[in-house]
Amino acid sequence: MNQFLTRRFFILIPIMSFLKKIFKPMQVLASSLNSKEGWNLSKEEWKSRLSPESYYILREEGTERAFSSQLNNEKRKGVFHCAGCDLPLFLSDKKYDSGTGWPSFWDSIQGSVETKVDFKLIVPRTEYHCSRCGGHQGHVFNDGPAPTGKRYCNNGLALRFNPD
Ligand SMILES: [Zn+2]
């Protein structure tokens, strides 16, 4: 039994180091995106700018509870901005009710978000973040409505809504 486990363990090590090698360049790329236009703030600077809840989402890739954000039900016309640096990310006419409990959009403002793959739930997911300050916004899936077929599943705490 022990021998069996040991053998399995030794098979896993090269697999894990192989995966790390593949995905390391993506992480480096993502972190290099965090420094645009003077937005390379220290942990302390971010903590002083953001509420603890927004810090957890934007800077530690946290996820808020489903149906906890008022922006989930926001139906007015306007623009959704990054709560970290105020870059406009989404327009209200691209917002729809996905039923998931998170503000959802089928398209983002061009160039406003960038993606990377994460393995937090083991199954790969496409994380996206603000292209200016690098703040984590949510995950994008391929089960959204036409015309894009995308579902940007966004944390409300990572957004600031600016009604028209
Ligand atoms: Zn931002």
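Side chains are part of it too, since the values below use all heavy atoms of this structure and drop only hydrogens, waters and symmetry mates. Ligands are counted one by one from 1 in listed order, and the atoms in each one are counted from 1 as well. These figures come from a predicted structure and were not determined experimentally.
Within 6.0 Å of CD in Gln70 there are 12 or fewer heavy atoms belonging to other residues, nucleotides or ligands.
Under the 4.0 Å criterion applied to side-chain N and carboxylate O atoms, Glu44 and Arg49 are not assigned as salt-bridge partners. Residues Asp93 and Lys77 are not paired through a salt bridge, judged by the lack of any N-O separation under 4.0 Å between the basic side chain and the carboxylate.
Looking only at side-chain heavy atoms (C-beta outward), Asn155 and Ser69 stay at 4.5 Å or farther from each other.
The Zn ion (ligand 1) has Cys82 SG, Cys85 SG, Cys130 SG, Cys133 SG as protein N, O or S atoms under 2.8 Å away.
Figure legend: cation-pi geometry between Lys94 and Trp106, with NZ or CZ positioned under 6.0 Å from the six-membered ring centre and within 45° of its axis.
There is no side-chain donor-acceptor pair under 3.5 Å between Tyr152 and Asp107.
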